[in-house]
Trainee: 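Mind having a look at this structure? Questions to follow.
Ligands are counted one by one from 1 in listed order, and the atoms in each one are counted from 1 as well.
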Amino acid sequence: MMRRKNGNKRYFTRMGTRKKVHTFVRVKPTDDFAHEMIKYGDDNKSIDIHLKKDTRRGVVNNQQTDWSFKLDGVLHNASQDLVYETVAKDVVAQALDGYNGTIMCYGQTGAGKTYTMTGTTENYKHRGILPRALQQVFRMIEERPTHAITVRVSYLEIYNESLFDLLSTLPYVGPSVTPMTIVENPQGVFIKGLSVHLTSQEEDAFSLLFEGETNRIIASHTMNKNSSRSHCIFTIYVEVHSRTLSDEKYITSKINLVDLAGSERLGKSGSEGRVLKEATYINKSLSFLEQAIIALGDQKREHVPFRQCKLTHTLKDSLGGNCNMVLLTNIYGEAAQLEETLSSLRFASRMKLVTTEPAINEKYDAERMVKNLEKELALLKQELAIHDSLANRTLVNYDPMDEIQIAEINSQVRRYLEGTLDEIDIINLRQIQEVFNQFRVVLSQQEQEVESALRRKYTLIDKNDFAAISAVQKAGLVDVDGHLVGEPDGQGFGLGVTPFSAKPGKKSKSKKTFKEQLSSSARKEGASSPVSGKELDVSTSKTQLTPSSKEGDVKDMTIRERETSSTEPLPSDSPKEELRPPRPSTPPPKPVAFEDFKNERGSEINRIFKENKSILNERRKRASETTQRINAIKREMDVTKEALNFQKSLREKQGEYENKGLMIIDEEEFLLILKLKDLKKQYRTEYQDLRDLRAEIQYCQHLVDQCRHRLLTEFDIWYNESFFIPEDLQVALKPGGSIRPGMVPVSRIMSLGEDAQDKFSQLQQVLLPEGPDSVAFYNAKVKTEQKHNYLKTMMGLQQAHRK
Ligand code: ADP
Ligand code: MG
């Protein structure tokens, strides 16, 4: 077994034994069969060609005149039925067991490739391999009720090195905007942009086949294509899931049915111009196919040139490799075509050297796998519960922690850091991990607290922000070494870390105030993300940086100024608030739009956000006051303790008094003891308050974060709606609007002439000589014809209308 890895999916291919490519020859029936030149072996597995030396010009005496080709079967005067049984039946049957299959028809134009592959669509009896393969697949599905089997089909045409989707005319597909491309991934090769159609019944599959055939013919007329010069690949994709086993394994396979372009040589067609170009392409791609096949047949060759043309690239995983492969060579039995016949037979014998290693394509159904793992997890949990109860560990819970439990751990960690908790009990792995997590949370909160405490007191400038520093120097607040010159109103300018990261630039030369310097450096920083989750907070802290301005103004200014560098600059005289026109040609910068949003649709969330934030700030303030009180109490306790100790030592020095075993202390010491007791009580209550406040702060913080997230998400939606999605599209997309999924419904086309069709199918059921099996075939045929007649009529009407 070979395992291939692809992202989080796993693919397995079970290697089989090596197998030769099966090659068959089908001879086109003729009244003029060259009996003296073409002879079949008795076992019908070989074909001998004999050339009479004198009959042909150009055949020199010493040239070879006899050839013998060994094959897997020669089909002479064989019915379509027999051809299918011999060539395709096993390949199709094995596809449902997970083996890929490829059947190719090769030969000169007119030798019967299309007849073999598609057959006639008019006559059920003469249907070819494609409809028969579809029938067999659906028959086998009926025989396997224990499996859920899905069938998809696609129909690709390669013409002049371009890819065409023969099923793109279906109303729900539509013409593709981008050209199709060949993509390789670990599962194989696929054509990006090629429509693949799920079909749940035979008749639908036939409809698709006929649709493709009709398009092949139409295209050959309208696009002036020579249909014998294109390669057509009809692919049936099968996916088999077990209905009975809850196994996550499933198998996939694809059957490629390939009708190759005519193999006749260039010289003979006497082509010029466009036709020459076509012939070059065909010959080239067929000769690349031949090269690939020679390389595949050579066991020593490591590299197979698949990518040289679209045909071999598309068939990369269908030639050789892990699939069942059949080549059917179509030849004429007439003397005049002997040269081409020889060349076709040579191709076949080269193909015979190729070996493949058919293998089952097994895949894993992620959903089922998850379900199975969930089951296993539940079982293991039960097992663990039993184990715990045996070991007297009944209270352990292994579920993920909820918010309350996490908050409790956070409080434990804080108490542990403060020293009020000696140790944190270990419960389980999850809890240990959460303890570490909370250590990190507490640490980063403390860092932030320290920073914001500094910010409240000082204006912080980044040491690397030369522009700001030079501005400060110019303002005379700091000397060249960065030392403070003076402290205007008792407030110093510290040098520390700030979120600003402005680089020295041209702007720093202009005469700007310190405030402007700061906000211009902020602008640079804001360039990449005009409004990010953090920024709401940053803008508030900036308020504290510049105490001279009013809060609202500063917020406005910083955000508004920031955007100017992120997009084109706003004209400085642009009015701040005016009636917005229905839709500006260029959307406003996000920060500006954000202010509008907060006044418009976002006003309610913004109000709640602000409210929560002010509650949070109020709680923080109270927490800080409580901490100060606690510290004060602690200091007083220390002083009291010291005084008590002093009293005690004094008493010990003077000699102790005892009265009936009771120690006698003086009033001063007694009062101190009372005071200490009281202080301890105060300490405890304040401490409890602080803990409650912290829990509340945490909760509020959570609310604020949620609000912020919501505010930004709604803003994004509003922004896109207001400035990007065209208004008419918005209207149309609304329920009841003019645009709905899908295009013109098939049923509308199909319903035309329904009565006639009904009658026809009734007639079929009763009269058809081929029996009930052919009904689906004819129904599909009628529907496809009706559809194309309808389209033709519509086009005619449109043209008449134009005239
Ligand atoms: P190709 O696709 O190789 O160019 P076609 O399949 O179009 O050739 O065959 C050319 C013509 O010969 C068609 O009219 C087809 O019906 C007919 N033909 C080919 N092979 C057979 C056959 N085995 N029995 C009857 N008619 C055949
Ligand atoms: Mg053909």
Side-chain angles (χ1 to χ4, degrees), residues 23-34 38 40 44 47 73-88 103-132 155-160 164 166 209-210 212-221 223-234 256-266 268-269 271 275 278-279 281-283 285-286 289 311 326-334 336-345 347-348 781:
T23 53
F24 298 93
V25 168
R26 186 181 198 185
V27 190
K28 187 179 169 181
T30 169
D31 297 334
D32 191 20
F33 186 73
I38 302 171
Y40 307 125
N44 249 348
I47 188 164
V74 178
L75 296 153
H76 182 63
N77 280 334
S79 67
Q80 295 280 65
D81 207 18
L82 180 65
V83 170
Y84 185 78
E85 292 284 319
T86 317
V87 168
I103 302 173
M104 280 202 295
C105 280
Y106 181 92
Q108 73 184 107
T109 299
K113 297 181 297 297
T114 307
Y115 181 79
T116 303
M117 259 316 159
T118 314
T120 57
T121 49
E122 287 75 31
N123 190 327
Y124 181 68
K125 202 177 151 201
H126 296 152
R127 70 200 186 282
I129 291 174
L130 301 188
R132 284 170 202 265
Y155 208 171
L156 174 75
E157 184 179 30
I158 304 174
Y159 185 74
N160 279 2
F164 297 90
L166 288 174
L209 170 62
F210 296 146
E213 289 303 324
T214 313
N215 287 333
R216 203 169 150 184
I217 294 159
I218 290 177
S220 73
H221 294 305
M223 294 172 72
N224 226 349
K225 281 202 269 184
N226 182 341
S227 65
S228 74
R229 301 189 185 284
S230 70
H231 311 286
C232 290
I233 306 173
F234 188 86
N256 275 313
L257 302 166
V258 190
D259 183 354
L260 289 168
S263 64
E264 57 276 3
R265 279 163 301 158
L266 183 59
K268 222 182 138 196
S269 60
S271 327
V275 189
E278 282 167 6
Y281 274 126
I282 306 316
N283 279 355
S285 64
L286 284 178
L289 176 67
L311 176 71
V326 175
L327 176 78
L328 194 142
T329 308
N330 290 92
I331 59 167
Y332 280 95
E334 292 159 16
Q337 308 293 337
L338 214 61
E339 224 171 305
E340 291 297 344
T341 297
L342 260 177
S343 123
S344 294
L345 289 171
F347 181 82
K781 172 97 182 125

Trainee: Identify, for atom 2 (O) of ligand 1, the protein heavy atom at the shortest distance, and state residue, atom and that distance.
Mentor: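 The answer is Thr114 OG1, 2.7 Å.
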
Trainee: Take every heavy atom of Thr109, measure it against each atom of ligand 1, and state whether any distance is under 4.0 Å.
Mentor: yes

Trainee: Keeping the roles fixed (side chain from Asp32, backbone from Glu334), state whether a donor-acceptor pair exists under 3.5 Å.
Mentor: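 Not at all, since once roles are kept as given, no pair shorter than 3.5 Å links the two residues.
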
Trainee: How far is atom 5 (P) of ligand 1 from its nearest protein heavy atom, and which residue and atom name does that atom have?
Mentor: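 For atom 5 (P) of ligand 1, the nearest protein heavy atom comes out as Gly112 CA, 3.8 Å.
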
Trainee: Do any non-hydrogen protein atoms sit less than 4.0 Å from atom 9 (O) of ligand 1?
Mentor: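 So atom 9 (O) of ligand 1 has protein heavy-atom neighbours under 4.0 Å.
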
Trainee: Between Lys125 and Asp81, is a salt bridge (Lys or Arg N to Asp or Glu O under 4.0 Å) present by the stated rule, with each step listed?
Mentor: CA-CA 8 Å; Lys125 202 177 151 201; Asp81 207 18; over 6 Å; no

Trainee: Would you give the length of the straight line joining atom CG of Leu260 to atom CE of Met117, rounded to the nearest 0.5 angstrom?
Mentor: 8.5 Å

Trainee: Determine whether Thr116 and Arg26 satisfy the following criterion, side-chain hydrogen bond (donor to acceptor under 3.5 Å, both in side chains), listing intermediate values before the conclusion.
Mentor: CA-CA 9 Å; Thr116 303; Arg26 186 181 198 185; 3.0 Å; yes

Trainee: Examine ligand 1 and decide if any of its atoms is less than 4.0 Å from a heavy atom belonging to His126.
Mentor: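 No heavy atom of His126 comes that close to ligand 1.
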
Trainee: Judged by non-hydrogen atoms, does Gly107 sit under 4.0 Å from ligand 1?
Mentor: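 Contact check Gly107 vs ligand 1: negative.
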
Trainee: Going by the order shown, which atoms of ligand 1 are within less than 4.0 Å of some heavy atom of Pro29?
Mentor: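 What qualifies from ligand 1 is 22 (C), 23 (N), 24 (N).
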
Trainee: Do the side chain of Lys113 and the main chain of Ala261 share a donor and acceptor less than 3.5 angstrom apart?
Mentor: no

Trainee: Just need the protein heavy atom nearest to atom 11 (C) of ligand 1, so name the residue and atom and give the distance.
Mentor: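 Answer, as residue, atom name and distance: Lys28 NZ, 3.9 Å.
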
Trainee: Is the distance between the Mg ion (ligand 2) and the nearest N/O/S atom of Tyr115 smaller than 2.8 Å?
Mentor: no

Trainee: For atom 6 (O) of ligand 1, grab the closest protein heavy atom and report residue, atom and distance to one decimal in Å.
Mentor: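 For atom 6 (O) of ligand 1, the nearest protein heavy atom is Tyr115 N, 2.6 Å.
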
Trainee: Under 3.5 Å, is there a donor-acceptor pair between the side chain of Arg132 and the main chain of Glu85?
Mentor: no

Trainee: If you round to the nearest 0.5 Å, how far is CZ of Phe210 from OG1 of Thr118?
Mentor: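 Taking OG1 in Thr118 and CZ in Phe210, the distance rounds to 9.5 Å.
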
Trainee: For atom 4 (O) of ligand 1, what's the nearest protein heavy atom and its distance?
Mentor: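 Ranking protein heavy atoms by distance from atom 4 (O) of ligand 1, first comes Gly110 N, 2.7 Å.
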
Trainee: Has Gly262 got any heavy atom lying under 4.0 angstrom from an atom of ligand 1?
Mentor: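 False for this residue.
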
Trainee: Would a line drawn from the ring center of Phe33 to the ring center of His76 be shorter than 6.0 Å?
Mentor: yes

Trainee: Side chains of Thr121 and Glu213: do they bring a donor and an acceptor to under 3.5 Å?
Mentor: no

Trainee: Is there a polar contact, in the sense of an N or O pair closer than 3.5 Å, between Thr120 and ligand 1?
Mentor: no

Trainee: For the pair Gln80 (side chain) and Tyr115 (backbone), establish whether a donor and an acceptor sit closer than 3.5 Å, ignoring hydrogens and angles.
Mentor: yes

Trainee: Return yes when Gln108 approaches ligand 1 closer than 4.0 angstrom through a heavy atom, no otherwise.
Mentor: yes

Trainee: Which bit of Cys105 is near ligand 1, meaning a heavy atom under 4.0 Å away: side chain, backbone, both or neither?
Mentor: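 Neither; nothing of Cys105 gets under 4.0 Å from ligand 1.
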
